[in-house]
Amino acid sequence: MIILGVDPGLARTGYGIIKVLHRGRAKKSYQVIDYGCLITPLELSTHFRLKKIYHDFKKIVKKYQPDLCIVEELFFAQNAKTAMKVGEARGIILLTLAEKNIPLLSLTPLQVKMGLTSYGRASKKQIQKIVKLLLSLKKNPQPDDAADALALAICGARLIKNMKLYGNIKK
């Protein structure tokens with residue numbers, strides 16, 4: 001099963017693609033396929049930045065053909081203007097997934113922290129260390145948006161395993 005994690009944003013949208021290797025308690029349950037960020041130029045107006053996210057994200061979906069996508073849920077924002085822009089980028093991601101009929105789960109940052117560390121106030125560095133360990137990486141994944149996307153993908157894999165949804169999602 002191929003799982004795509006997405007940390008949406010207007011300037012940078014992080015993505016992480018993993019393959020679920022084992023459903024049991026095997027030492028290595030996940031394999032990283034790819035991760036990175038879709039970056040939009042600051043000098044472009046918002047609608048052109050959203051268009052770039054749409055086209056770039058479509059390429060990722062086409063290339064990796066994920067069986068499931070986990071997208072970070074926008075849960076609060078101190079800056080309403082920033083929250084709106086992130087929400088618009090998230091909408092583009094959701095549209096692309098719907099066009100390709102890819103199942104979707106949404107998780108908040110708190111759910112990801114709890115799912116990986118059992119501690120809701122885990123730092124970014126703690127999350128990155130867990131992701132590095134679980135994916136057998138040589139160093140912590142960077143940038144932060146890509147690391148968050150990989151964490152989302154791992155949490156999604158764990159969640160569907162626990163929910164026993166494997167039969168409901170194409171493999």
Side-chain angles (χ1 to χ4, degrees), residues 1-20 29-40 42 46 49-50 52-54 56-57 60-61 64 66-98 102-137 139-163 165 169:
M1 171 177 265
I2 304 297
I3 300 179
L4 168 59
V6 181
D7 180 15
L10 185 63
R12 289 191 321 196
T13 292
Y15 67 90
I17 301 113
I18 64 168
K19 181 175 185 177
V20 179
S29 299
Y30 315 106
Q31 175 186 0
V32 68
I33 296 173
D34 192 14
Y35 64 94
C37 286
L38 307 177
I39 298 172
T40 61
L42 295 172
T46 300
R49 293 174 84 183
L50 293 170
K52 180 166 177 31
I53 292 169
Y54 175 70
D56 291 350
F57 189 69
I60 289 170
V61 169
Y64 296 108
D67 300 302
L68 174 67
C69 187
I70 316 299
V71 180
E72 186 172 86
E73 183 77 45
L74 185 63
F75 66 104
F76 81 95
Q78 294 175 3
N79 182 332
K81 190 174 180 179
T82 301
M84 290 290 291
K85 300 224 182 274
V86 172
E88 290 168 347
R90 188 173 189 278
I92 293 296
I93 299 301
L94 299 183
L95 170 65
T96 306
L97 296 170
I102 297 172
L104 167 73
L105 291 175
S106 293
L107 296 175
T108 65
L110 177 63
Q111 289 172 312
V112 173
K113 289 175 182 182
M114 291 297 294
L116 288 182
T117 68
S118 299
Y119 180 58
R121 292 182 183 234
S123 69
K124 288 224 180 252
K125 285 194 183 243
Q126 289 171 314
I127 297 297
Q128 288 173 349
K129 284 182 183 181
I130 297 286
V131 169
K132 174 188 165 192
L133 178 70
L134 292 173
L135 296 175
S136 301
L137 299 172
K139 58 183 182 173
N140 287 350
Q142 292 290 330
D144 289 348
D145 304 284
D148 290 348
L150 287 170
L152 283 156
I154 293 167
C155 282
R158 288 179 165 183
L159 185 62
I160 62 168
K161 175 184 162 198
N162 292 340
M163 294 171 63
L165 288 176
I169 298 173

### Task
Kindly indicate, with the supporting measurements, whether the criterion side chain to side chain contact (heavy atoms under 4.5 Å, CB included) is fulfilled by L107 and L159.
CA-CA 10 Å; L107 296 175; L159 185 62; 4.1 Å; yes

### Query
After noting the C-alpha distance and the side-chain angles of I160 and V20, does the key distance pass the side chain to side chain contact (heavy atoms under 4.5 Å, CB included) rule?
CA-CA 11 Å; I160 62 168; V20 179; 5.9 Å; no

### Task
Run the numbers on V32 and V131 for side chain to side chain contact (heavy atoms under 4.5 Å, CB included), then give the verdict.
CA-CA 10 Å; V32 68; V131 169; over 6 Å; no

### side chain to side chain contact (heavy atoms under 4.5 Å, CB included) between L95 and F57, intermediate numbers included
CA-CA 11 Å; L95 170 65; F57 189 69; over 6 Å; no

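To the nearest 0.5 Å, atoms OG (S123) and NZ (K113) are separated by 8.0 Å. Taken to the nearest 0.5 Å, the CG atom of L94 stands 6.5 Å off from the OG atom of S106. In this structure, the separation between CE on M114 and OH on Y119 is 10.5 Å, given to the nearest 0.5 Å. Going from atom CD1 of I17 over to atom CG of L150 covers 8.5 Å, rounded to the nearest 0.5 Å. Between I18 atom CD1 and M1 atom CE the span is 10.0 Å, to the nearest 0.5 Å. Separating the CG atom in L137 from the NZ atom in K129 is a distance of 14.5 Å, to the nearest 0.5 Å.
Between L50 and L10 the shortest side-chain heavy-atom distance falls below 4.5 Å. Side chains of Y64 and L4 form no contact here, defined as non-hydrogen atoms less than 4.5 Å apart. L42 is listed as a side-chain neighbour of R49, based on a closest heavy-atom distance under 4.5 Å. With a 4.5 Å cut-off on side-chain heavy atoms, T46 and K85 count as touching.
Across A147 and P141, no two heavy atoms sit closer than the pair CB-O, 3.6 Å. Heavy atoms only, all atoms of each residue included: I93 and I53 are closest at CD1-CG2, 4.0 Å. When all heavy atoms of C37 and G14 are compared, the closest pair comes out as SG-CA, 4.0 Å. Annotation for A122 and Q126: closest pair CA-OE1, 3.1 Å, computed over non-hydrogen atoms. Contact detail for G16 and A153: the closest heavy-atom pair is O-CB, 4.0 Å. Minimum heavy-atom separation, L97 to C69: CD1-SG, 3.6 Å.
Listed by chain and number, the residues in a side chain to side chain contact (heavy atoms under 4.5 Å, CB included) with I130 are L116, T117, L134 (sequence neighbours excluded). D56 pairs by the salt bridge (charged side-chain N to carboxylate O under 4.0 Å, His left out) definition with K52, not counting sequence neighbours.
Judged by distance alone, with hydrogens and angles left aside, the side-chain atoms of R158 form a donor-acceptor pair with the main-chain N or O of G115 at under 3.5 Å. D67 places a side-chain N or O within 3.5 Å of a backbone atom of I2 that can act as its donor or acceptor partner.
Taking 4.0 Å as the cut-off between side-chain N and carboxylate O, K124 and D144 do not count as a salt-bridged pair. A salt bridge links E73 with R90: the distance from a Lys NZ or Arg NE/NH1/NH2 to an Asp or Glu carboxylate oxygen falls below 4.0 Å.
Partner T13 forms a side chain to side chain contact (heavy atoms under 4.5 Å, CB included) with one of D145, I60, V6, T40 and no other, that one being V6.
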